[in-house]
Colleague: 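Right, I'll just put the structure down here and ask away after.
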Amino acid sequence: MSSETATHTHIVKTEVLAMHFERAGEGSSKIKKSLQLIGIGPELLRRIAIISYEAEMNLVIHSLGGEISCEFYPDQVKIIAKDHGPGIANVEQAMLEGFSTATDDIREMGFGAGIGLPNIKRCADYLEVESTLGIGTTLVATVYL
Ligand SMILES: Nc1ncnc2c1ncn2[C@@H]1O[C@H](COP(=O)(O)OP(=O)(O)O)[C@@H](O)[C@H]1O
Ligand SMILES: [Mg+2]
């Protein structure tokens with residue numbers, strides 16, 4: 001879950017299971033706790049919490065499962081959400097405000113407004129979304145400290 005490399009990069013990683021709503025949010029709350037422990041201020045904390053929560057929920061709702069991790073560097077934090085598919089057909093379209101492929105069942109649970117990715121983009125200093133159909137999606141959001 002937590003590891004330390006030779007370069008003192010701290011990584012907090014959590015497995016995310018598809019459609020497991022009872023465990024949804026575990027990964028992002030772990031990330032938030034680590035950030036609080038190292039004394040990240042409230043405004044940065046808020047942005048990183050939004051990024052990690054939205055990215056984690058996208059894995060729960062739209063993916064076949066994956067993992068969410070946070071990498072800590074002296075000057076920046078990277079939130080990385082990596083899944084095992086199904087991938088995003090059109091990433092540009094997925095980034096549009098209001099675009100969602102969520103089913104009615106998911107919408108009834110209060111998700112699927114189509115603002116997750118746009119919010120991540122707004123909160124991140126730099127965002128990369130790389131996706132291959134049938135393979136999976138990797139989202140990397142960078143926030144400078
Ligand atoms: N990890 C993912 N795997 C597959 N599709 C995804 C993933 N993340 C996002 N998407 C696609 O991008 C769309 C927009 O995502 P988002 O802005 O978070 O809105 P929402 O989650 O409310 O649908 C989703 O409806 C889905 O089609
Ligand atoms: Mg979403």
Side-chain angles (χ1 to χ4, degrees), residues 1-102 106 109-145:
M1 260 173 249
S2 230
S3 66
E4 214 68 55
T5 70
T7 53
H8 304 285
T9 305
H10 186 63
I11 302 173
V12 175
K13 189 181 281 193
T14 307
E15 187 188 6
V16 182
L17 301 172
M19 290 303 196
H20 278 234
F21 288 94
E22 73 286 355
R23 283 187 51 189
E26 252 178 39
S28 32
S29 64
K30 247 190 259 172
I31 290 169
K32 193 173 177 183
K33 277 177 201 143
S34 316
L35 291 161
Q36 277 166 329
L37 278 175
I38 61 169
I40 299 276
E43 179 55 24
L44 282 170
L45 191 67
R46 186 192 67 84
R47 286 169 54 202
I48 298 164
I50 290 170
I51 292 168
S52 53
Y53 179 73
E54 292 295 349
E56 182 173 14
M57 290 317 297
N58 279 354
L59 294 203
V60 173
I61 293 168
H62 304 294
S63 90
L64 301 171
E67 59 185 36
I68 180 150
S69 51
C70 184
E71 298 183 0
F72 300 84
Y73 300 94
D75 63 330
Q76 60 188 258
V77 157
K78 282 187 191 295
I79 305 292
I80 301 159
K82 193 173 163 57
D83 68 50
H84 317 305
I88 302 174
N90 184 338
V91 173
E92 222 171 287
Q93 183 183 41
M95 293 298 308
L96 293 175
E97 194 113 1
F99 176 85
S100 177
T101 57
I106 294 293
M109 295 175 73
F111 303 106
I115 53 172
L117 288 174
N119 268 337
I120 291 173
K121 178 142 200 201
R122 228 187 327 268
C123 291
D125 289 309
Y126 186 63
L127 176 66
E128 293 166 271
V129 181
E130 212 175 87
S131 192
T132 309
L133 279 182
I135 304 289
T137 301
T138 302
L139 175 150
V140 182
T142 305
V143 173
Y144 296 113
L145 301 176

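Owing to the predicted nature of the structure, the values given are computational and were not obtained by experimental measurement.
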Colleague: Looking only at heavy atoms, which two atoms of Ser63 and Ala18 are closest? And how far apart?
Modeller: O-CB, 3.2 Å
Colleague: Taking only residues two or more places apart in sequence or in another chain, which ones pass side-chain hydrogen bond (donor to acceptor under 3.5 Å, both in side chains) with Glu71?
Modeller: Tyr73
Colleague: Measure the shortest side-chain to side-chain distance between Ile120 and Ile50 over non-hydrogen atoms and say whether it is less than 4.5 angstrom.
Modeller: no
Colleague: Contact between Pro118 and Leu96 at the side-chain level, heavy atoms closer than 4.5 Å - yes or no?
Modeller: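 Counting from C-beta outward, Pro118 and Leu96 never come under 4.5 Å.
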Colleague: Do Phe72 and Val12 come within less than 4.5 Å of each other through their side chains, counting heavy atoms only?
Modeller: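 Phe72 reaches Val12 side chain to side chain.
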Colleague: With sequence neighbours left out, write down each residue that passes side chain to side chain contact (heavy atoms under 4.5 Å, CB included) with Gln36, or none if nothing qualifies.
Modeller: Lys32, Lys33, Leu45
Colleague: When you compare the side chain of Val77 with that of Leu145, does any pair of heavy atoms fall below 4.5 Å?
Modeller: yes
Colleague: side-chain hydrogen bond (donor to acceptor under 3.5 Å, both in side chains): which pairs involve residues 80-99, sequence neighbours left out?
Modeller: none
Colleague: Output all residues satisfying side-chain hydrogen bond (donor to acceptor under 3.5 Å, both in side chains) with Thr142, sequence neighbours left out; order by chain, then residue number.
Modeller: Lys78
Colleague: Could you list all the salt bridge (charged side-chain N to carboxylate O under 4.0 Å, His left out) pairs where at least one residue sits in residues 36-65, not counting sequence neighbours?
Modeller: Glu43-Arg46, Arg47-Asp125
Colleague: Quick check: closest heavy atoms across Ser28 and Ser52, and the distance to 0.1 Å?
Modeller: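 Here Ser28 and Ser52 meet closest at CB-OG, 3.4 Å.
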Colleague: Quick one: side chains of residues 128-138, donor-acceptor pairs under 3.5 Å with protein atoms, not counting sequence neighbours, listed by atom name and distance.
Modeller:
unit_1, atom_1, unit_2, atom_2, d
Ser131, OG, Ile88, N, 2.7
Ser131, OG, Thr137, OG1, 2.7

Colleague: I want to check something: taking the side chain as every heavy atom from C-beta on, are Leu64 and Pro86 in contact at a cut-off of under 4.5 Å?
Modeller: yes
Colleague: Applying side chain to side chain contact (heavy atoms under 4.5 Å, CB included), can you list everything that pairs with Leu37, at least two apart in sequence or on another chain?
Modeller: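 Not a single residue meets the side chain to side chain contact (heavy atoms under 4.5 Å, CB included) criterion with Leu37.
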Colleague: Identify the residue among Asn58, Leu127, Val91 that makes a side-chain contact (heavy atoms from CB on, under 4.5 Å) with Leu117.
Modeller: Asn58
Colleague: What pairs meet the ring-ring contact (aromatic ring centres under 6.0 Å, His included) rule with one or both residues in residues 25-55, with sequence neighbours excluded?
Modeller: none
Colleague: Can you tell which of Ile40, Leu35, Ile51 makes a side-chain contact (heavy atoms from CB on, under 4.5 Å) with Val143?
Modeller: Ile51
Colleague: Mind checking the CD1-CD1 spacing from Ile68 to Ile79? Nearest 0.5 Å is all I need.
Modeller: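 Separation between the atoms: 6.0 Å.
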Colleague: Name all residues meeting the side chain to side chain contact (heavy atoms under 4.5 Å, CB included) criterion together with Phe21; count only those two or more places apart in sequence or in a different chain, and write none if there are none.
Modeller: Met19, Met57, Val60, Ile61, Ile106, Met109, Phe111
Colleague: Can you pull the salt bridge (charged side-chain N to carboxylate O under 4.0 Å, His left out) pairs that have at least one residue in residues 57-67, sequence neighbours excluded?
Modeller: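 Every salt bridge (charged side-chain N to carboxylate O under 4.0 Å, His left out) pair that includes a residue of residues 57-67, provided the two are not neighbours, is Lys13-Glu67.
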